[in-house]
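In what follows, chains are A, B, ... by sequence order, proteins preceding strands, each numbered from 1.
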Protein chains: 2
Amino acid sequence: MLTERQLEVVFSVVYEYIRTGEPAGSRTISKKYLRGCSPATIRNEMADLEEMGYFYQPHTSAGRLPTSKAYRLYVDAIMQRRRTAPAETEEWRRSIRESRQGIESILAYISRLLGQATNCVGVAALSALEEVQIQRVSFLRLGGNTVLLLLVLDGGLVHHSNISLPCELSQDTLDELGRRITTIAEGHQWSEVRDVLLRYVFEGLERMWDSCREAIVQMDALLNRRRSRLFVGGAQHILSLPDFQDIGKFQTVLSLLEQEHALADMVERYSVKDGVSVTIGDENAEAGMEQLSLLLSPSSGSGARAILGLIGPLRMDYEKSISILEALAEDLDDVLVQ
Amino acid sequence: MLTERQLEVVFSVVYEYIRTGEPAGSRTISKKYLRGCSPATIRNEMADLEEMGYFYQPHTSAGRLPTSKAYRLYVDAIMQRRRTAPAETEEWRRSIRESRQGIESILAYISRLLGQATNCVGVAALSALEEVQIQRVSFLRLGGNTVLLLLVLDGGLVHHSNISLPCELSQDTLDELGRRITTIAEGHQWSEVRDVLLRYVFEGLERMWDSCREAIVQMDALLNRRRSRLFVGGAQHILSLPDFQDIGKFQTVLSLLEQEHALADMVERYSVKDGVSVTIGDENAEAGMEQLSLLLSPSSGSGARAILGLIGPLRMDYEKSISILEALAEDLDDVLVQ
DNA sequence: GTTGGCACTCGTGTCGATAGAGTGCTAACG
DNA sequence: CGTTAGCACTCTATCGACACGAGTGCCAAC
């Protein structure tokens, strides 16, 4: 267990490093944060804390840098405290409401806002579509066996996908199929009606059983897939951070962001039911995330489930980032509830 | 007018610089490209050509670098020649066909392919929607005056947008409105039927005249807007080029790519009716493009009009880039025609 | 337990010398 | 008159030497 003063030293080093980006030396800490102690005292504490795994030195004659263990301590302390909402909250809320063009463009917009406000990469994931109420289902013949499946979900969320059916159906048949599915599914979640649909929809359409079944299966695939729809925004802002002046580090981030599927999986995996979750550096098992932190906050609004997140350097301003993320998640809740 | 030898010198310098990224000196040119002439002769030619604006020197004791004027000469010569299609063409065509999930995801995919194959930034724009045949129009009540406008165009292209109508309409009325518009517009281009719609659709719906009119106006806005839908892909690849090792240069490119609207406008503005257009450095009036080249190729397939493009450094491998762009534009044609 | 002093380490920035690449100019050559 | 060889000149990049400063670890004194 750490003493009170040791805690203060850890917090000071983390805070100082986050502020300046430079390794923190004993002199600085003594002068700025712990006036009661001389640099020598701090040096002793630092040596102990380094042994305990809270700090490391890039080279012998440099100050100390925090390890993930130190960041963890720091972040946990922040999470205890009450945070003040950022001043721009109202402005954001207004601009989100104004830009309301369906949830997808809202999420794209919020991911950009997140990136811009924090100088991190903003992400927004939309998932658990099978829990969203269905409003309408249509099929449109595109030619041959190819059919456009058009799904309108609660809140104006539109999904569409080209599907192939085992045999060619006329547009009239497809309309009939769409009407029947809509009648049954309207106002319900997909998970509630999937099995019903598979059993009852097709009275009078027995000849097309195979095709109808295939259509339902494809809908299921569309709605039920693990993959969330992912929006990434504001990647350019992290270039202004000194941490990414090195082109190699930035490239790591970029190639991470390119792998949309892996990223979406990670977002799903590391988010918690409610409240902000912070995953620091090597706490994250994902390759490439060793030097990055991941902040996630689910949006608990009705309708679609969304997760907002931030990806940034270990030494991001956690306090600011967390409160911005919280504020925007709340804004999103409001918009989703309508 | 340039002599035969002067042309050769210009081509050699451009080619050598594209190959190595280093300023080309008289010795190198004499030894590699113009064995018949001594370095001294080349020096004389180079001095003349510099005066004519084809070269410049970063400093007195360095070799020559090509100006846009020299690149232009080089590219024009390439465009004359017959180009061989890249070996991967068949593979690309297959993977595009396999990934067919509507034109938008195809374009996103192609933009990534472009970036990957050329180490430039790939772009793909979708425009001139008003020339695409309409397949179906639906309206869905989302609550209050807000209505989801759903437009299915030829080729499975889906567009949707939340619109606000002056007064609240029932879903039945909206269905009726959608049906009428679909009947008239189906199989026609929007530009052909817009005026007809504004005049005739509303018999029997006179009470809702204002709302119907507004709906049409909003459709018009959606289809007729100048803005193309733009896909940018593979931006991370240019980081592997020596030209963008400098973080500042890369940031220029990134901030350019962020301005989607300006970029879309530029793509529209600089593309030509058919064939590849090459805009080199300061030939492009757009701010930030001084050190970049823009290659564009329209896709002439029926249905939606698409433009594929590449943004890369001045010293990109024009020959390879042009043939890759041509090949992928052709692949896209095939897919669009179906 | 805390502190001041001191020797030691290591990275950074500066200076000067050097090597190398490339030019421009001039004079000679065919 | 065009071409070429030779030569002096310029500019950059690189390398080693060196001083400087920040920071540590350790020890002895308080």
Please confirm whether the shortest side-chain N or O distance from [X] to OP1 or OP2 of [N] is below 4.0 Å.
| X | N | answer |
| --- | --- | --- |
| Arg43(A) | dG4(C) | no |
| Thr60(B) | dT10(D) | no |
| Arg64(A) | dG25(D) | yes |
| Ser26(A) | dG23(D) | no |

Can you measure [X] atom [atom1] to [N] atom [atom2] for me and round it to whole angstrom units?
| X | N | atom1 | atom2 | answer |
| --- | --- | --- | --- | --- |
| Ile29(B) | dA21(C) | CD1 | P | 16 Å |
| Tyr56(B) | dC11(D) | OH | P | 18 Å |
| Leu34(B) | dG2(D) | CG | C1' | 16 Å |
| His59(B) | dT23(C) | NE2 | P | 11 Å |
| Asn44(A) | dG4(C) | CG | C1' | 12 Å |
| Glu22(A) | dG21(D) | CD | P | 17 Å |
| Asp48(A) | dT2(C) | CG | P | 11 Å |
| Arg27(A) | dT24(D) | CZ | P | 11 Å |

In terms of side-chain heavy atoms of [X], which of [options] is nearest?
| X | options | answer |
| --- | --- | --- |
| Gln57(A) | dC10(C), dT23(C), dT24(D) | dT24(D) |
| Ser61(B) | dT10(D), dA5(D), dT23(C) | dT10(D) |
| Cys37(A) | dT24(D), dT3(C), dT9(C) | dT3(C) |
| Ala40(A) | dT10(D), dG4(C), dT23(C) | dG4(C) |

When the nearest nucleotide of DNA chain D is assigned to Thr28(A) and to Gly36(B) on a heavy-atom basis, which residue is associated with the more 5' position?
Gly36(B)
Under 4.0 Å between a Lys/Arg side-chain N and an Asp/Glu carboxylate O for Glu16(A) and Arg19(A)?
yes
Where the side chain of Gln57(B) meets the backbone of Ala62(B), is there a donor-acceptor pair that is under 3.5 Å apart?
yes
Test item: Gln116(A) side-chain N/O and Leu114(A) main-chain N/O as donor-acceptor pair under 3.5 Å
no
Working note: Asp282(B) + Ser68(B), criterion side-chain hydrogen bond (donor to acceptor under 3.5 Å, both in side chains); need CA distance, chi angles, decisive distance, verdict.
CA-CA 7 Å; Asp282(B) 49 24; Ser68(B) 350; 2.9 Å; yes
Side chains of Val9(B) and Tyr54(B), heavy atoms from C-beta outward: is any pair under 4.5 Å?
no
